[in-house]
Number of protein chains: 2
Amino acid sequence: MSRPSTPLLSPEIIGEAALALSAAGEPFGVNAIARRLGVRPSSLYNHVDGMDGIVELMRGRLVEDYRVEPQGESWDEYLLALLREQRRMYADHPQLVPLLVGKTITHPAVIAAYDDLATVLVEGGFPEGDVLAVIGILDAFAIGFGLDLASPEEVWQPGEETRTLGRILENGERGDARSDRTFELGARLLVDSLRTRFRS
Amino acid sequence: MSRPSTPLLSPEIIGEAALALSAAGEPFGVNAIARRLGVRPSSLYNHVDGMDGIVELMRGRLVEDYRVEPQGESWDEYLLALLREQRRMYADHPQLVPLLVGKTITHPAVIAAYDDLATVLVEGGFPEGDVLAVIGILDAFAIGFGLDLASPEEVWQPGEETRTLGRILENGERGDARSDRTFELGARLLVDSLRTRFRS
DNA sequence: ACCTGAACACCGTTCAAGT
DNA sequence: ACCTGAACACCGTTCAAGT
(Lines give C-alpha, C1' and ligand atoms only; values in the text may rest on other atoms or scores of the structure.)
Protein backbone atom coordinates (compact mmCIF):
# COMPACT_ATOMS: atom_id res chain seq x y z
CA MET A 1 0.00 0.00 0.00
CA SER A 2 2.94 2.31 -0.48
CA ARG A 3 1.68 3.77 -3.75
CA PRO A 4 -1.98 3.56 -4.74
CA SER A 5 -2.90 3.16 -8.40
CA THR A 6 -4.95 6.32 -8.21
CA PRO A 7 -3.54 9.10 -5.98
CA LEU A 8 -5.25 9.67 -2.65
CA LEU A 9 -4.16 13.27 -2.43
CA SER A 10 -3.85 16.46 -4.47
CA PRO A 11 -3.35 20.13 -3.64
CA GLU A 12 -7.09 20.65 -4.15
CA ILE A 13 -8.06 17.86 -1.78
CA ILE A 14 -5.62 19.10 0.85
CA GLY A 15 -6.77 22.72 0.56
CA GLU A 16 -10.39 21.71 0.82
CA ALA A 17 -9.75 19.60 3.91
CA ALA A 18 -7.83 22.46 5.53
CA LEU A 19 -10.66 24.92 4.87
CA ALA A 20 -13.27 22.50 6.18
CA LEU A 21 -11.33 22.13 9.41
CA SER A 22 -10.84 25.87 9.71
CA ALA A 23 -14.54 26.51 9.06
CA ALA A 24 -15.35 24.05 11.85
CA GLY A 25 -13.13 26.03 14.21
CA GLU A 26 -10.72 23.13 14.54
CA PRO A 27 -6.93 23.18 14.13
CA PHE A 28 -6.00 22.83 10.47
CA GLY A 29 -2.36 21.80 10.73
CA VAL A 30 -0.57 19.10 8.79
CA ASN A 31 -1.42 16.39 11.30
CA ALA A 32 -5.10 17.31 11.56
CA ILE A 33 -5.47 17.39 7.77
CA ALA A 34 -3.75 14.01 7.40
CA ARG A 35 -6.02 12.52 10.05
CA ARG A 36 -9.11 13.82 8.30
CA LEU A 37 -7.94 12.39 4.96
CA GLY A 38 -6.98 9.01 6.43
CA VAL A 39 -3.35 9.42 5.46
CA ARG A 40 0.03 9.92 7.17
CA PRO A 41 1.25 13.51 7.75
CA SER A 42 4.38 12.92 5.69
CA SER A 43 2.24 12.05 2.65
CA LEU A 44 1.13 15.65 2.33
CA TYR A 45 4.65 16.74 1.51
CA ASN A 46 4.41 14.99 -1.86
CA HIS A 47 1.80 17.57 -2.93
CA VAL A 48 2.31 20.70 -0.92
CA ASP A 49 5.16 22.86 0.30
CA GLY A 50 4.53 22.48 4.02
CA MET A 51 2.21 24.59 6.14
CA ASP A 52 3.01 27.77 4.19
CA GLY A 53 1.95 26.11 0.96
CA ILE A 54 -1.26 24.94 2.55
CA VAL A 55 -2.10 28.49 3.64
CA GLU A 56 -1.51 29.71 0.07
CA LEU A 57 -3.84 26.97 -1.16
CA MET A 58 -6.49 28.06 1.33
CA ARG A 59 -6.14 31.66 0.24
CA GLY A 60 -6.75 30.69 -3.35
CA ARG A 61 -9.84 28.63 -2.55
CA LEU A 62 -11.24 31.39 -0.35
CA VAL A 63 -11.15 33.99 -3.13
CA GLU A 64 -13.06 31.64 -5.38
CA ASP A 65 -15.61 30.68 -2.76
CA TYR A 66 -16.28 34.25 -1.65
CA ARG A 67 -15.71 36.00 -4.96
CA VAL A 68 -17.93 38.99 -5.74
CA GLU A 69 -17.70 39.95 -9.37
CA PRO A 70 -18.68 43.42 -10.50
CA GLN A 71 -21.90 43.18 -12.52
CA GLY A 72 -22.04 46.75 -13.74
CA GLU A 73 -23.88 47.95 -10.65
CA SER A 74 -22.99 51.31 -9.09
CA TRP A 75 -19.77 51.45 -7.06
CA ASP A 76 -21.56 51.81 -3.75
CA GLU A 77 -23.73 48.77 -4.33
CA TYR A 78 -20.66 46.78 -5.29
CA LEU A 79 -18.79 47.92 -2.20
CA LEU A 80 -21.65 46.89 0.06
CA ALA A 81 -21.89 43.45 -1.53
CA LEU A 82 -18.12 43.02 -1.29
CA LEU A 83 -17.99 44.10 2.34
CA ARG A 84 -20.78 41.70 3.29
CA GLU A 85 -19.10 38.76 1.58
CA GLN A 86 -15.62 39.49 2.91
CA ARG A 87 -16.96 39.89 6.41
CA ARG A 88 -18.57 36.46 6.08
CA MET A 89 -15.29 35.01 4.85
CA TYR A 90 -13.21 36.29 7.75
CA ALA A 91 -15.92 35.33 10.23
CA ASP A 92 -15.91 31.78 8.86
CA HIS A 93 -12.12 31.55 9.20
CA PRO A 94 -10.96 33.80 12.03
CA GLN A 95 -7.89 31.65 12.82
CA LEU A 96 -6.68 32.23 9.30
CA VAL A 97 -6.69 36.01 9.52
CA PRO A 98 -3.16 36.55 10.89
CA LEU A 99 -1.75 34.07 8.39
CA LEU A 100 -3.48 35.79 5.49
CA VAL A 101 -2.60 39.38 6.33
CA GLY A 102 0.94 38.49 7.35
CA LYS A 103 2.08 37.61 3.85
CA THR A 104 2.46 39.52 0.60
CA ILE A 105 -0.30 38.67 -1.87
CA THR A 106 0.94 37.17 -5.13
CA HIS A 107 -1.81 34.65 -5.86
CA PRO A 108 -3.17 35.57 -9.33
CA ALA A 109 -6.82 35.07 -8.42
CA VAL A 110 -6.47 37.29 -5.36
CA ILE A 111 -4.66 39.96 -7.35
CA ALA A 112 -7.44 39.79 -9.95
CA ALA A 113 -10.07 40.35 -7.25
CA TYR A 114 -8.25 43.45 -5.97
CA ASP A 115 -7.83 44.63 -9.55
CA ASP A 116 -11.59 44.39 -10.01
CA LEU A 117 -12.09 46.49 -6.91
CA ALA A 118 -9.53 49.09 -7.98
CA THR A 119 -11.16 49.32 -11.40
CA VAL A 120 -14.64 49.80 -9.96
CA LEU A 121 -13.35 52.60 -7.74
CA VAL A 122 -11.53 54.40 -10.55
CA GLU A 123 -14.53 54.08 -12.85
CA GLY A 124 -16.72 55.27 -10.01
CA GLY A 125 -14.81 58.54 -10.04
CA PHE A 126 -12.43 58.10 -7.12
CA PRO A 127 -9.15 59.99 -7.55
CA GLU A 128 -6.39 57.49 -8.32
CA GLY A 129 -4.26 58.83 -5.50
CA ASP A 130 -6.90 57.78 -2.98
CA VAL A 131 -7.82 54.35 -4.33
CA LEU A 132 -5.12 52.48 -2.42
CA ALA A 133 -6.25 54.03 0.85
CA VAL A 134 -9.89 53.23 0.14
CA ILE A 135 -9.02 49.61 -0.61
CA GLY A 136 -7.12 49.42 2.66
CA ILE A 137 -10.07 50.87 4.54
CA LEU A 138 -12.44 48.32 3.02
CA ASP A 139 -10.07 45.49 3.98
CA ALA A 140 -9.69 46.75 7.52
CA PHE A 141 -13.46 47.02 7.78
CA ALA A 142 -14.11 43.52 6.53
CA ILE A 143 -11.49 41.98 8.78
CA GLY A 144 -12.60 43.90 11.84
CA PHE A 145 -16.28 43.13 11.40
CA GLY A 146 -15.51 39.55 10.43
CA LEU A 147 -13.67 38.97 13.68
CA ASP A 148 -16.49 40.75 15.49
CA LEU A 149 -18.99 38.31 14.00
CA ALA A 150 -16.78 35.40 15.04
CA SER A 151 -16.54 36.65 18.61
CA PRO A 152 -18.51 34.97 21.41
CA GLU A 153 -22.23 35.48 22.02
CA GLU A 154 -21.39 37.61 25.04
CA VAL A 155 -18.50 39.96 24.27
CA TRP A 156 -18.48 41.83 27.60
CA GLN A 157 -19.39 40.40 30.99
CA PRO A 158 -18.90 43.07 33.63
CA GLY A 159 -18.21 41.65 37.07
CA GLU A 160 -18.61 44.81 39.07
CA GLU A 161 -20.76 47.91 38.85
CA THR A 162 -20.27 50.13 35.81
CA ARG A 163 -21.38 53.67 35.06
CA THR A 164 -22.73 53.10 31.57
CA LEU A 165 -21.64 49.85 29.97
CA GLY A 166 -23.78 47.50 32.09
CA ARG A 167 -26.97 49.45 31.39
CA ILE A 168 -26.25 49.59 27.67
CA LEU A 169 -25.56 45.88 27.55
CA GLU A 170 -28.82 45.04 29.33
CA ASN A 171 -30.90 46.95 26.83
CA GLY A 172 -28.89 45.97 23.78
CA GLU A 173 -28.76 42.93 21.58
CA ARG A 174 -26.13 40.19 21.77
CA GLY A 175 -24.66 37.54 19.56
CA ASP A 176 -25.07 37.71 15.79
CA ALA A 177 -27.91 40.22 16.08
CA ARG A 178 -25.58 42.67 17.82
CA SER A 179 -22.78 42.05 15.32
CA ASP A 180 -25.14 42.42 12.35
CA ARG A 181 -26.48 45.73 13.60
CA THR A 182 -22.95 46.95 14.19
CA PHE A 183 -21.87 45.94 10.71
CA GLU A 184 -24.87 47.42 8.95
CA LEU A 185 -24.41 50.75 10.71
CA GLY A 186 -20.68 50.73 10.04
CA ALA A 187 -21.05 49.84 6.38
CA ARG A 188 -23.69 52.52 5.85
CA LEU A 189 -21.57 55.17 7.57
CA LEU A 190 -18.54 54.21 5.49
CA VAL A 191 -20.24 54.20 2.13
CA ASP A 192 -22.11 57.41 2.89
CA SER A 193 -18.94 59.21 3.89
CA LEU A 194 -17.09 57.91 0.83
CA ARG A 195 -19.91 59.28 -1.32
CA THR A 196 -19.80 62.63 0.41
CA ARG A 197 -16.04 62.98 0.28
CA PHE A 198 -15.53 61.80 -3.28
CA ARG A 199 -18.80 62.87 -4.86
CA SER A 200 -18.26 63.01 -8.59
CA MET B 1 17.83 24.25 43.55
CA SER B 2 14.31 22.89 43.72
CA ARG B 3 12.92 25.89 45.57
CA PRO B 4 14.69 29.25 45.57
CA SER B 5 14.54 31.43 48.69
CA THR B 6 13.06 34.22 46.64
CA PRO B 7 10.64 33.16 43.87
CA LEU B 8 11.93 33.35 40.30
CA LEU B 9 8.47 33.72 38.81
CA SER B 10 5.19 35.57 39.27
CA PRO B 11 2.15 36.19 37.07
CA GLU B 12 3.53 39.66 36.33
CA ILE B 13 6.91 38.37 35.25
CA ILE B 14 5.30 35.71 33.07
CA GLY B 15 2.86 38.14 31.45
CA GLU B 16 5.63 40.61 30.73
CA ALA B 17 7.83 37.95 29.14
CA ALA B 18 4.91 36.77 27.00
CA LEU B 19 4.19 40.29 25.77
CA ALA B 20 7.85 40.95 25.03
CA LEU B 21 7.98 37.81 22.89
CA SER B 22 4.73 38.70 21.13
CA ALA B 23 5.95 42.25 20.46
CA ALA B 24 9.11 40.78 18.92
CA GLY B 25 6.96 38.70 16.59
CA GLU B 26 8.17 35.48 18.18
CA PRO B 27 6.08 32.57 19.50
CA PHE B 28 4.93 33.26 23.04
CA GLY B 29 3.96 29.79 24.21
CA VAL B 30 4.75 28.14 27.51
CA ASN B 31 8.06 26.72 26.28
CA ALA B 32 9.27 29.97 24.74
CA ILE B 33 8.42 31.94 27.88
CA ALA B 34 10.19 29.43 30.10
CA ARG B 35 13.26 29.54 27.89
CA ARG B 36 13.34 33.33 28.03
CA LEU B 37 13.05 33.29 31.82
CA GLY B 38 15.69 30.60 32.29
CA VAL B 39 13.24 28.20 33.87
CA ARG B 40 11.53 24.88 33.04
CA PRO B 41 8.13 24.98 31.29
CA SER B 42 6.46 23.08 34.13
CA SER B 43 7.49 25.82 36.58
CA LEU B 44 5.04 28.26 35.02
CA TYR B 45 2.11 26.12 36.15
CA ASN B 46 2.80 27.13 39.75
CA HIS B 47 1.76 30.69 38.90
CA VAL B 48 -0.53 30.61 35.94
CA ASP B 49 -3.46 28.57 34.66
CA GLY B 50 -1.86 27.31 31.46
CA MET B 51 -1.85 29.11 28.12
CA ASP B 52 -5.36 30.49 28.64
CA GLY B 53 -4.29 32.13 31.86
CA ILE B 54 -1.26 33.63 30.17
CA VAL B 55 -3.46 35.18 27.48
CA GLU B 56 -5.68 36.70 30.18
CA LEU B 57 -2.55 38.10 31.83
CA MET B 58 -1.44 39.60 28.54
CA ARG B 59 -4.85 41.16 27.99
CA GLY B 60 -4.67 42.86 31.36
CA ARG B 61 -1.18 44.24 30.78
CA LEU B 62 -2.16 45.48 27.31
CA VAL B 63 -5.05 47.61 28.60
CA GLU B 64 -2.71 49.24 31.07
CA ASP B 65 0.07 49.83 28.56
CA TYR B 66 -2.23 51.25 25.89
CA ARG B 67 -4.79 52.88 28.12
CA VAL B 68 -6.31 56.16 26.94
CA GLU B 69 -8.13 57.92 29.72
CA PRO B 70 -10.76 60.54 28.93
CA GLN B 71 -9.42 63.95 29.95
CA GLY B 72 -12.56 65.95 29.40
CA GLU B 73 -11.82 66.56 25.74
CA SER B 74 -14.63 66.44 23.16
CA TRP B 75 -15.88 62.96 22.18
CA ASP B 76 -14.40 63.12 18.70
CA GLU B 77 -10.94 64.00 19.97
CA TYR B 78 -11.15 61.16 22.46
CA LEU B 79 -12.25 58.73 19.79
CA LEU B 80 -9.36 59.66 17.53
CA ALA B 81 -6.82 59.27 20.33
CA LEU B 82 -8.34 55.92 21.30
CA LEU B 83 -8.37 54.65 17.73
CA ARG B 84 -4.73 55.58 17.23
CA GLU B 85 -3.62 53.86 20.43
CA GLN B 86 -5.67 50.71 19.86
CA ARG B 87 -4.41 50.44 16.31
CA ARG B 88 -0.87 50.60 17.68
CA MET B 89 -1.69 47.91 20.21
CA TYR B 90 -3.07 45.43 17.69
CA ALA B 91 -0.25 46.21 15.27
CA ASP B 92 2.30 45.46 17.99
CA HIS B 93 0.62 42.12 18.78
CA PRO B 94 -1.08 40.78 15.66
CA GLN B 95 -0.70 37.13 16.69
CA LEU B 96 -2.69 37.88 19.81
CA VAL B 97 -5.73 39.23 17.97
CA PRO B 98 -7.64 35.96 17.45
CA LEU B 99 -6.98 34.95 21.05
CA LEU B 100 -8.24 38.28 22.37
CA VAL B 101 -11.41 38.55 20.29
CA GLY B 102 -12.26 34.88 20.72
CA LYS B 103 -13.01 35.13 24.42
CA THR B 104 -15.61 36.96 26.49
CA ILE B 105 -14.14 39.96 28.28
CA THR B 106 -14.39 39.79 32.07
CA HIS B 107 -11.09 41.41 33.08
CA PRO B 108 -12.05 44.38 35.32
CA ALA B 109 -9.51 46.78 33.81
CA VAL B 110 -10.72 46.00 30.29
CA ILE B 111 -14.36 46.39 31.32
CA ALA B 112 -13.45 49.72 32.93
CA ALA B 113 -11.85 50.92 29.69
CA TYR B 114 -14.99 50.06 27.70
CA ASP B 115 -17.09 51.70 30.39
CA ASP B 116 -15.07 54.90 29.91
CA LEU B 117 -15.75 54.76 26.20
CA ALA B 118 -19.47 54.11 26.65
CA THR B 119 -19.68 57.00 29.08
CA VAL B 120 -17.92 59.40 26.73
CA LEU B 121 -20.30 58.46 23.93
CA VAL B 122 -23.44 58.86 26.04
CA GLU B 123 -22.23 62.19 27.38
CA GLY B 124 -21.34 63.20 23.84
CA GLY B 125 -25.00 62.88 22.93
CA PHE B 126 -25.10 59.51 21.25
CA PRO B 127 -28.48 57.73 21.63
CA GLU B 128 -28.05 54.87 24.10
CA GLY B 129 -29.51 52.41 21.63
CA ASP B 130 -26.64 53.07 19.23
CA VAL B 131 -23.72 53.12 21.66
CA LEU B 132 -23.08 49.37 21.51
CA ALA B 133 -22.92 49.47 17.72
CA VAL B 134 -20.57 52.44 17.75
CA ILE B 135 -18.26 50.68 20.21
CA GLY B 136 -18.25 47.64 17.95
CA ILE B 137 -17.42 49.79 14.94
CA LEU B 138 -14.51 51.41 16.74
CA ASP B 139 -13.18 47.99 17.76
CA ALA B 140 -13.49 46.62 14.26
CA PHE B 141 -11.70 49.69 12.93
CA ALA B 142 -8.82 49.45 15.37
CA ILE B 143 -8.33 45.74 14.77
CA GLY B 144 -8.54 46.04 11.01
CA PHE B 145 -6.13 48.96 10.78
CA GLY B 146 -3.84 47.39 13.37
CA LEU B 147 -3.48 44.25 11.29
CA ASP B 148 -3.02 46.44 8.23
CA LEU B 149 -0.12 48.21 9.92
CA ALA B 150 1.38 44.86 10.86
CA SER B 151 1.16 43.58 7.30
CA PRO B 152 4.27 43.35 5.10
CA GLU B 153 5.93 46.31 3.40
CA GLU B 154 4.54 45.12 0.08
CA VAL B 155 0.92 43.98 0.47
CA TRP B 156 0.23 43.23 -3.21
CA GLN B 157 2.74 41.96 -5.75
CA PRO B 158 0.99 41.43 -9.09
CA GLY B 159 2.69 38.82 -11.24
CA GLU B 160 0.82 39.48 -14.46
CA GLU B 161 -0.65 42.49 -16.15
CA THR B 162 -3.51 44.27 -14.37
CA ARG B 163 -6.02 46.82 -15.55
CA THR B 164 -5.75 49.23 -12.65
CA LEU B 165 -4.07 47.80 -9.56
CA GLY B 166 -0.51 47.76 -10.92
CA ARG B 167 -0.62 51.41 -11.97
CA ILE B 168 -2.08 52.48 -8.65
CA LEU B 169 0.58 50.56 -6.75
CA GLU B 170 3.39 52.13 -8.76
CA ASN B 171 2.26 55.64 -7.98
CA GLY B 172 1.24 54.94 -4.39
CA GLU B 173 3.09 54.65 -1.13
CA ARG B 174 4.02 51.38 0.56
CA GLY B 175 4.89 50.14 4.01
CA ASP B 176 3.97 52.17 7.07
CA ALA B 177 3.45 55.31 5.01
CA ARG B 178 0.69 53.58 3.04
CA SER B 179 -0.88 52.15 6.19
CA ASP B 180 -0.73 55.50 7.99
CA ARG B 181 -2.43 57.32 5.12
CA THR B 182 -5.09 54.62 4.99
CA PHE B 183 -5.72 54.88 8.70
CA GLU B 184 -5.84 58.66 8.81
CA LEU B 185 -8.35 58.78 5.96
CA GLY B 186 -10.43 56.02 7.51
CA ALA B 187 -10.44 57.57 10.96
CA ARG B 188 -11.42 60.96 9.58
CA LEU B 189 -14.23 59.48 7.48
CA LEU B 190 -15.54 57.55 10.47
CA VAL B 191 -15.53 60.41 12.95
CA ASP B 192 -17.00 62.81 10.40
CA SER B 193 -19.82 60.46 9.56
CA LEU B 194 -20.53 59.80 13.24
CA ARG B 195 -20.74 63.54 13.78
CA THR B 196 -23.09 63.98 10.85
CA ARG B 197 -25.36 61.10 11.77
CA PHE B 198 -25.57 61.78 15.49
CA ARG B 199 -25.16 65.53 15.56
CA SER B 200 -26.57 66.76 18.82
C1' DA C 1 5.42 27.31 48.40
C1' DC C 2 7.88 26.64 44.23
C1' DC C 3 11.30 24.60 40.95
C1' DT C 4 12.63 20.19 38.65
C1' DG C 5 12.58 15.92 35.75
C1' DA C 6 10.17 12.47 33.70
C1' DA C 7 6.32 11.38 31.16
C1' DC C 8 2.53 11.89 27.79
C1' DA C 9 0.17 13.20 23.72
C1' DC C 10 0.67 16.40 20.53
C1' DC C 11 2.99 19.35 16.46
C1' DG C 12 5.75 20.19 11.60
C1' DT C 13 9.32 18.33 8.71
C1' DT C 14 12.86 15.21 6.55
C1' DC C 15 14.16 11.18 4.37
C1' DA C 16 15.20 6.44 3.24
C1' DA C 17 12.38 2.46 1.93
C1' DG C 18 8.78 0.42 -0.65
C1' DT C 19 5.93 -0.22 -4.93
C1' DA D 1 5.13 9.24 -8.70
C1' DC D 2 3.34 8.76 -4.21
C1' DC D 3 2.40 6.61 0.38
C1' DT D 4 4.74 4.84 4.63
C1' DG D 5 7.51 4.51 8.99
C1' DA D 6 11.05 6.07 11.65
C1' DA D 7 13.30 9.88 13.31
C1' DC D 8 13.95 14.64 15.01
C1' DA D 9 13.05 18.84 17.35
C1' DC D 10 9.37 21.01 18.85
C1' DC D 11 4.69 21.99 21.66
C1' DG D 12 1.33 22.18 26.21
C1' DT D 13 0.28 19.81 30.43
C1' DT D 14 0.45 16.67 34.57
C1' DC D 15 2.50 15.02 38.52
C1' DA D 16 5.54 12.88 41.82
C1' DA D 17 9.92 14.23 43.96
C1' DG D 18 12.76 17.48 46.13
C1' DT D 19 13.71 21.43 49.43
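Not measured: the values here are computed from a predicted model. First the proteins, then the strands, lettered A, B, ... as listed; each starts at 1.
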Please give, in whole Å, the distance from [N] [atom2] to [X] [atom1]?
X        : N       : atom1 : atom2 : value
Leu21(A) : dG12(C) : CG    : P     : 11 Å
Leu99(A) : dG12(C) : CG    : P     : 12 Å
Leu9(B)  : dA1(C)  : CG    : C1'   : 12 Å
Asp52(B) : dG12(D) : CG    : P     : 12 Å
Tyr45(A) : dG5(D)  : OH    : P     : 17 Å
Leu8(A)  : dT4(D)  : CG    : C1'   : 12 Å
Leu44(A) : dT13(C) : CG    : P     : 10 Å
Ile14(A) : dC3(D)  : CD1   : P     : 8 Å

Checklist line | Side-chain (Arg181(B)) to main-chain (Ala133(A)) donor-acceptor, under 3.5 angstrom | finding: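 Looks like no, no N/O pair under 3.5 Å.
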
Answer yes or no: does a side-chain N or O of [X] lie under 4.0 Å from OP1 or OP2 of [N]?
X        : N       : result
Ser43(B) : dC2(C)  : no
Arg40(A) : dG5(D)  : yes
Asn31(B) : dG12(D) : yes
His47(A) : dC3(D)  : yes

Notebook entry, point to check: Is there a donor in the side chain of Tyr66(A) and an acceptor in the side chain of Asp92(A), or the other way round, less than 3.5 Å apart?
Noted result: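 Result is yes, a qualifying pair exists.
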
Check: Does the side chain of Arg87(A) come under 3.5 Å of the side chain of Ser179(A) through a donor N or O and an acceptor N or O?
Finding: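 Yes - a donor-acceptor pair under 3.5 Å links their side chains.
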
Notebook entry, point to check: Taking the inter-plane angle between the rings of Phe198(A) and Phe126(A) on a 0 to 90° scale, is it parallel (under 30°), tilted (30 to 60°) or perpendicular (over 60°)?
Noted result: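 Ring orientation of Phe198(A) relative to Phe126(A): tilted.
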
Notebook entry, point to check: For DNA chain C, whose closest nucleotide is more 5', that of Ser42(A) or that of Arg35(A)?
Noted result: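 Its nearest nucleotide lies further toward 5', so the answer is Arg35(A).
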
Notebook entry, point to check: Of all the choices, dT13(C), dC3(C), dT4(D), which nucleotide is nearest to the side chain of Asn46(A) once you look at every atom?
Noted result: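 Selected nucleotide: dT4(D).
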
Distance-only criterion, 3.5 Å: show the donor-acceptor pairs between side-chain atoms of residues 104-113 of chain A and protein atoms not counting sequence neighbours.
from      : atom 1 : to        : atom 2 : distance (Å)
Thr104(A) : OG1    : Glu154(B) : O      : 2.7
His107(A) : ND1    : Ala109(A) : N      : 3.3

Next item on the list: Could you list all the ring-ring contact (aromatic ring centres under 6.0 Å, His included) pairs where at least one residue sits in residues 154-189 of chain B, not counting sequence neighbours?
Entry: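 Listed once each, the pairs are Tyr114(A)-Trp156(B), Phe145(B)-Phe183(B).
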
Note to self: Is it the case that over 12 heavy atoms from other parts of the model lie below 6.0 angstrom from the CG atom of Asp49(A)?
What the structure shows: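 At most 12 heavy atoms, drawn from other residues, nucleotides or ligands, come within 6.0 Å of this atom.
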
Notebook entry, point to check: Between which residue ranges does DNA chain C form stems of three or more consecutive Watson-Crick or G-U wobble pairs, both distances under 3.5 Å?
Noted result: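 As far as DNA chain C goes, consecutive pairing (with distances under 3.5 Å) yields the stems C:4-8 with D:12-16, C:12-16 with D:4-8.
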
